[in-house]
Amino acid sequence: MSADTTARPGRFITLEGGEGAGKSTQARLLADRLRSLGHECVVTREPGGSPMAEALREVILSGVAAPLGPSAETVLFTAARIVHVVQTIMPALKRGAFVVCDRFTDSTRVYQGALGKVDPKLIDSMEEIAIRDCRPDLTLVLDLPAKTGLARAAARRANEAADRFEAEGLAYHEGLREGFLAIAKAEPERCRVIDAGLAPENVADAIWAAVQDRLGLIS
Ligand code: TMP
């Protein structure tokens, strides 16, 4: 179900997918395109996107909360999402801006739900608490073989250590890919799968075509 666009005239686009799929690059390229047409566009990310949520990002990705288990991590992601939605996403949508968000609720469903085996009822109620009617109008699932994504992510961070989730093994990352594809299949009216193995400019063109198709011609 899409959100009430009279209460929030802006459009909410999320990018999802495994590690190294190029989500942040594509979020930037999409925002450039929207801004070049004169639209206000807020680019943001999860976990993060507001000062308090960025502080929680540090805690979660450092791995200090990992021993508490995936349910506790879900609570932390949810806390970060509540503040992000209230302080950043909803104000932008209410003033009519585009919001392009690098990861959102589907990441919780896949990382903590499908892979972390957190009870789906807990995932659903946390999602409801955090987002209410702040649902994406369009979700772009950037799809890539896990091995390719991990190699890209390793090249990008150079000598820095992998974060809490990137450090998991190949089977885990293959599971993530399946999880995102399963969501896209179950919710075709919201999601569009994009081949992230193409050159960045071709991925950007495919994303732009999906945005035009799903949200109407933007000029
Ligand atoms: P990234 O933004 O650099 O991809 O890092 C965020 C990491 O956090 C990534 O490994 C996915 C993970 N994550 C979750 O496990 N659950 C979530 O709800 C979100 C938003 C991210």
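The shown structure was predicted, so the numbers you read here are calculated from the model rather than taken from an experiment. Ligands are counted one by one from 1 in listed order, and the atoms in each one are counted from 1 as well. Every heavy atom of this structure was used, including side-chain atoms; hydrogens, water molecules and symmetry mates were not.
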d(Ile183 CD1, Lys185 NZ) to nearest 0.5 Å is 13.5 Å
Sorted by chain and residue number, the residues with a non-hydrogen atom under 4.0 Å of ligand 1 are Glu19, Glu46, Pro47, Arg57, Leu61, Phe77, Arg81, Arg103, Ser107, Thr108, Tyr111, Gln112, Phe165
Here the salt bridge (Lys or Arg N to Asp or Glu O under 4.0 Å) pairs for residues 192-211, sequence neighbours left out, are Arg33-Asp205, Arg192-Asp213
Any idea how Phe165 and Phe77 line up, ring-wise: parallel (<30°), tilted (30 to 60°), or perpendicular (>60°)? tilted
Those residues at least two apart in sequence (or on a different chain) that pass salt bridge (charged side-chain N to carboxylate O under 4.0 Å, His left out) with Glu168 are Arg164
Sequence neighbours left out, cut at 3.5 Å: what donor-acceptor pairs do the side chains of residues 149-162 make with other protein atoms?
unit_1	atom_1	unit_2	atom_2	d
Arg152	NH1	Gly20	O	3.2
Arg152	NH2	Ala196	O	2.9
Arg157	NE	Glu166	OE2	2.4
Arg157	NH1	Glu160	O	3.2
Arg157	NH2	Glu166	OE2	3.2

Consider only side-chain heavy atoms of I, L, V, M, F, W and Y, link residues closer than 4.5 Å, and tell whether Leu122 and Val75 are in one cluster. yes
